[in-house]
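Note sheet for the following structure.
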Amino acid sequence: MSRRLRVGLITTAVIGAGAVLFAQGAAFAAPPAAPDHHTPAAAGTLRQLASQVGLRVGTAIDTDQLASNSPYRAIAATQFSSVTPENVMKWEVVEPTQGTYDWGQADRLVAFAQQNGQLVRGHTLVWHNQLPAWLTAAAPSMSADQLRAILKKHVIDEVTHFKGKVWQWDVVNEAFNDDGTLRDTIWLQKLGPDYIADAFRWAHQADPKALLFYNDYNIEYTGPKSNAVYQLVKDLKAKGVPIDGVGFQTHLDTQYPLPDLQNNLQRFADLGLKVAETEVDVRTTLPVTPVEQNAQVAGYTSTLQACLAVRACLSYTVWGFGDAYSWVPGVFPGEGAATIYDENLQPKPEYTALQQTLALAAGAPGRSDPRH
Ligand code: G3I
């Protein structure tokens with residue numbers, strides 16, 4: 001089933017509403033008012049403003065764009081305080097041939113982060129996509145023990161390679177279907193549901209200080225999928241499995257209602273977990289109308305407000321910046337404009353919305369309390 005259909009199913013099933021633009025009926029999500037004498041002028045980079053409220057503001061990085069002196073590199077270095085490799089820590093990239101690791105691109109991104117005082121979100125250790133061809137070819141004929149040994153080696157070797165350099169790891173990514181059942185992957189088929197707990201244990205063994213996250217999309221909405229993830233992480237905690245947090249990818253589309261994100265983040269936080277928004281973008285149909293752009297601004301504003309309102313929310317990460325580099329048009333034909341910078345790397349109103357939301361939070365009483 002295509003991602004588009006899955007997204008449509010979950011939002012329709014959960015919200016029970018037809019397609020609406022965010023801007024309609026979303027009081028919580030109203031974009032910040034234009035600055036006046038009551039409102040601090042938004043000034044400063046996103047990372048400067050976020051640091052005032054103890055929040056890390058991050059982006060996915062397309063490492064192909066990091067050439068020295070590129071405008072992309074300058075924005076990545078100055079606007080964000082954490083980075084996520086969009087692709088270069090995925091299994092197909094780091095182990096293209098069985099037993100031969102290629103950490104080069106990921107190492108260069110980690111070095112970039114260190115040069116710029118940024119933290120790294122590691123993405124991702126256990127997933128059903130972007131697996132190396134040698135693995136997908138061989139997996140069906142492997143025994144459970146053989147496949148488990150390969151998965152264990154992958155998790156331990158990758159986490160060990162980056163030990164002390166990765167702040168948060170997305171240990172298991174997208175293990176659920178939108179109806180709340182476990183996704184039918186090679187991991188589930190061969191290893192059963194325990195592969196999830198095992199992956200967290202192996203990652204913890206390799207780097208006990210890294211924060212270990214379960215990460216998924218369409219769990220921003222309360223409903224069958226987020227309920228299933230809630231039950232999973234509650235059970236993992238009860239069993240003493242070393243899980244630290246849940247990542248809410250937050251890939252939104254203006255044709256669906258806004259998620260009830262703050263309440264949802266809070267219920268996971270109440271389990272004693274960290275939370276993070278890990279892949280925020282807000283796509284819409286092209287060309288973008290003023291109404292759609294308002295809805296996109298509302299999407300960015302409300303998702304950042306939700307994170308700011310929940311003290312366990314450690315980071316707010318956009319899934320890339322620059323509409324020319326976004327994954328969206330390739331997967332959703334006719335849609336795009338999902339990021340906070342335009343095709344020419346000029347900041348859009350979505351950028352200003354994040355800047356103003358952070359500035360307002362920084363000026364509010366109590367906002368300097370550390371996040372935890
Ligand atoms: O590297 C090859 C290149 O050698 C080849 O010439 C080219 C031809 O198509 O493909 C390149 O690989 C592409 C890769 O991105 C790197 O650019 C793949 O085709 C393409 O499918 C892949 O897409 C990535 C996608 O994950 C794969 O599922 C997107 O960039 C990336 O943004 C996206 O990220 C995911 C998160 O990891 C998990 N959550 C959802 C999110 C969006 O789908």
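The residues of the chain are indexed from 1 along the displayed sequence. From a predicted model like this one, the values you see are computed outputs, not experimental measurements. Numbering of ligands and ligand atoms starts at 1, following listing order.
Counting heavy atoms closer than 4.0 Å to ligand 1, residue N173 contributes side-chain atoms (C-beta onward) but none from N, CA, C or O. Contacts with ligand 1 closer than 4.0 Å are made by side-chain heavy atoms of W127 only, the backbone lying farther away.
Nearest-heavy-atom check against atom 32 (O) of ligand 1 across M89, K90, H123, E86 picks out E86. The heavy atom nearest to atom 35 (C) of ligand 1, considering only W319, F332, W327, is found in W319.
For F200, the ring pair (Phe, Tyr, Trp, His ring centres under 6.0 Å) test picks out no residue, with sequence neighbours left out. Scanning for ring pair (Phe, Tyr, Trp, His ring centres under 6.0 Å) contacts around F248 gives F268, with sequence neighbours left out.
Atoms of ligand 1 lying under 4.0 Å from any heavy atom of E174, numbered from 1 in the order shown and given with element: 38 (C), 39 (N), 40 (C). For ligand 1, the atoms closer than 4.0 angstrom to any heavy atom of H251 are 40 (C), 41 (C). Interface atoms of ligand 1 facing E279, defined by a heavy-atom separation under 4.0 Å, are 36 (C), 38 (C), 39 (N), 40 (C), 41 (C).
With hydrogens and angles disregarded, a donor-acceptor distance shorter than 3.5 Å links the side chain of D207 to the backbone of G164.
With contacts defined as side-chain heavy-atom distances shorter than 4.5 Å, the pair F332/H251 does not qualify.
K348 forms no cation-pi arrangement with F321, by the criterion of a distance under 6.0 Å to the ring centre and an angle within 45° of the ring axis.
Side-chain atoms of D323 and T339 include a donor-acceptor pair closer than 3.5 Å.
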